[in-house]
Amino acid sequence: MKRQLKKINRSKAIYAQRLLSRRVSTSSPFKEREIKYVAGLDVSYAGNVGVAALVIMKYPSLKLHSIKVLSDIVSIPYIPTFLAYREIPLYVKLCFSFRSRRDIVFLVDGHGLTHPRKLGIASHLGVVLDLITIGVAKKFLYGTYIGKEYIAVDGVPVAKVISSSPDDRKIFISIGNNISLQNAIKIAEKCIVRKSLLPEPIRIADDVSRRVARKIRR
DNA sequence: GCGACAG
DNA sequence: ATCTTGTCGC
């Protein structure tokens, strides 16, 4: 096989995103006191092997509850705005047993509604498994700034930009699925500790997946 | 045609 | 995301 990375049908992929984005809910089907856990999802790579990590912490104490890691060959290339097609298979395997859970909020590495077709990976995963999700990205992707700290899509605010005082690092907290922007911001900010700009569950998932990938590589 | 472009 | 040495700064 000369090409082990499958091509993706662009027009069909776009059609599916538009279709799925209609199922995104921007309201919160829960009260904050009902949330018992926050989870972080991230993927690192060792060549064509993707290593996904799911870190679950108690909320709001942020005491570590569990860590699950899974690796598999990834056959879809990375193409901006189509990230989900590449990483969602890993996340679905890792989170299938949690579908429709209403006491866990999943923080996903990437955008949610701040996406050209309003279906970034956080929203995509949220719709597929009916989870409460929030997008946590390190770079801007899409949308219109409202002032200095909010981003709107189709005229509706769907994300907040959090900046670190000294340098210019930023993170973008966006609605994933089954949550309002206000609740997404509130929960994500409660997960940010000390000087780390990244919410703890994501930071740990990032660390775990990266070191496992490095181990596989060597 | 030109520029932008998560991980 | 990953490839990579030394180096600037708290």
Side-chain angles (χ1 to χ4, degrees), chain A residues 4-6 8 10 13-14 16-17 20-21 24 40-55 69-92 94-95 106-128 133-145 151-153 158-177 184 188 193-199 201-218:
Chain A
Q4 53 182 233
L5 283 186
K6 300 174 184 173
I8 71 169
R10 212 153 182 121
I14 288 175
Q17 289 179 326
L20 287 177
S21 76
V24 170
L41 284 167
D42 187 35
V43 178
S44 290
Y45 296 87
N48 61 339
V49 175
V51 179
L54 166 63
V55 172
V69 179
L70 176 158
S71 63
D72 200 355
I73 292 178
V74 172
S75 54
I76 305 295
Y78 166 68
I79 302 172
T81 76
F82 297 103
L83 171 65
Y85 291 103
R86 174 173 167 81
E87 303 190 335
I88 259 196
L90 290 167
Y91 287 157
V92 168
L94 214 44
C95 306
F106 291 81
L107 303 175
V108 186
D109 196 338
H111 284 91
L113 288 183
T114 33
H115 176 278
R117 290 160 302 277
K118 294 188 283 189
L119 196 78
I121 192 166
S123 299
H124 197 141
L125 180 65
V127 167
V128 170
T133 60
I134 295 173
V136 178
K138 304 173 199 67
K139 295 178 182 175
F140 174 87
L141 174 64
Y142 182 82
T144 305
Y145 268 85
I151 296 175
V153 171
V158 295
K160 180 174 184 180
V161 183
I162 296 179
S163 310
S164 58
S165 309
D167 46 71
D168 55 350
R169 300 181 338 185
K170 303 179 189 327
I171 60 167
F172 303 79
I173 303 298
S174 59
I175 295 174
N177 186 41
V193 171
R194 301 178 185 174
K195 297 178 181 179
S196 180
L197 202 49
L198 282 178
I202 287 280
R203 194 179 64 74
I204 306 296
D206 189 280
D207 188 63
V208 171
S209 65
R210 190 160 5 229
R211 61 201 316 163
V212 171
R214 174 156 48 85
K215 199 173 217 172
I216 291 176
R217 202 174 301 139
R218 299 181 176 179

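All heavy atoms count here, side chains included; hydrogens, waters and symmetry mates do not. Letters go in sequence order (proteins before strands), and every chain restarts at 1.
Relative orientation of the Y145(A) and F140(A) rings is parallel, given thresholds of 30° and 60° on the angle between their planes.
Atom-to-atom distance recorded for N48(A):CG and L5(A):CG is 8.0 Å, nearest 0.5 angstrom. The distance from the OG1 atom of T133(A) to the CG atom of L125(A) is 6.5 Å, given to the nearest 0.5 Å. Here OG of S123(A) is found 4.0 Å from CG of L113(A). Values are rounded to the nearest 0.5 Å. We find the CD1-NZ distance between I175(A) and K160(A) to be 13.5 Å, quoted to the nearest 0.5 Å. Atom NE2 of H115(A) is separated from atom CD1 of I121(A) by 10.0 Å, given to the nearest 0.5 angstrom. The distance from the CD1 atom of I8(A) to the OH atom of Y85(A) is 7.0 Å, given to the nearest 0.5 Å.
At whole-Å resolution of the value, CD1 in I151(A) and P in dA6(B) are 13 Å apart. Computed from coordinates, the D109(A) CG to dA1(C) C1' distance equals 10 Å when rounded to whole Å. Rounded to a whole Å, the CD1 atom of I202(A) is 17 Å from the P atom of dA6(B). As rounded to whole Å, 13 Å separates atom P of dC3(C) from atom CG of N48(A). Following rounding to the nearest Å, L119(A) (CG) and dA6(B) (C1') show an atom-to-atom distance of 13 Å. Atom CZ of F172(A) is separated from atom C1' of dC5(B) by 13 Å (rounded to the nearest Å). Between the C1' atom of dG7(B) and the CG atom of L90(A) lies a distance of 12 Å, rounded to the nearest Å. Between the OH atom of Y45(A) and the P atom of dA6(B) there is a distance of 14 Å, given to the nearest Å.
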Subject >> Residues I76(A), F82(A); criterion side-chain contact (heavy atoms from CB on, under 4.5 Å); working and verdict >> reply: CA-CA 10 Å; I76(A) 305 295; F82(A) 297 103; over 6 Å; no
Original post:
What do the steps show when you test F172(A) against I151(A) for side-chain contact (heavy atoms from CB on, under 4.5 Å), and what is the final call?
Top reply: CA-CA 9 Å; F172(A) 303 79; I151(A) 296 175; 3.7 Å; yes
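When atom types are taken as modelled, the side chain of S44(A) and the backbone of V51(A) share no donor-acceptor pair closer than 3.5 angstrom. A donor-acceptor pair under 3.5 Å is absent between the side-chain atoms of S174(A) and the main chain of A159(A), judged by distance alone.
The salt bridge (charged side-chain N to carboxylate O under 4.0 Å, His left out) pairs that include a residue from residues 110-120 of chain A are K118(A)-D154(A), where partners are two or more places apart or lie in different chains. Within the structure, salt bridge (charged side-chain N to carboxylate O under 4.0 Å, His left out) contacts touching residues 69-89 of chain A (residues at least two apart or in different chains) are D72(A)-K93(A). The salt bridge (charged side-chain N to carboxylate O under 4.0 Å, His left out) analysis of residues 43-54 of chain A, with sequence neighbours excluded, yields no pairs.
For the segment residues 134-144 of chain A, the set of residues with a heavy atom within less than 4.0 Å of an atom of DNA chain B comprises A137(A), K138(A), K139(A), F140(A), L141(A), in numerical order. Within residues 72-86 of chain A, the residues that place at least one heavy atom under 4.0 Å from DNA chain B are, in residue-number order, Y78(A), P80(A), T81(A), F82(A), L83(A). Of all the residues in residues 210-218 of chain A, R210(A), R217(A) reach under 4.0 Å from DNA chain C with at least one non-hydrogen atom.
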Please produce a list of atom pairs where a protein N or O lies less than 3.5 Å from an N or O of nucleotides 8-10 of chain C.
none

Tabulate protein N/O versus nucleotide N/O from nucleotides 4-6 of chain C, keeping only pairs under 3.5 Å, one per line.
none

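Under the 4.5 Å side-chain criterion, counting only non-hydrogen atoms from C-beta, S71(A) is not in contact with V212(A). Side chains of Y91(A) and V108(A) form a contact here, defined as non-hydrogen atoms less than 4.5 Å apart. For the pair V74(A) and Y45(A), the minimum side-chain heavy-atom distance is below 4.5 Å. Proximity of I171(A) to P199(A): side-chain heavy atoms (C-beta onward) are separated by under 4.5 Å at one or more points.
For the OP1/OP2 pair of dG7(B) and a distance below 4.0 Å, the side-chain nitrogens and oxygens of S44(A) include no atom meeting the criterion.
By the side-chain hydrogen bond (donor to acceptor under 3.5 Å, both in side chains) test, R211(A) pairs with D207(A), sequence neighbours left out. For S196(A), the side chain to side chain contact (heavy atoms under 4.5 Å, CB included) criterion is met by L198(A), E200(A), R203(A), not counting sequence neighbours.
Secondary structure note: stems in DNA chain C built from 3 or more consecutive Watson-Crick or G-U wobble pairs under 3.5 Å do not occur. Consecutive Watson-Crick or G-U pairing (both distances under 3.5 Å) never extends over three or more pairs in DNA chain B.
For I202(A) against L41(A), the heavy-atom pair with the smallest separation is CD1-O, 3.7 Å.
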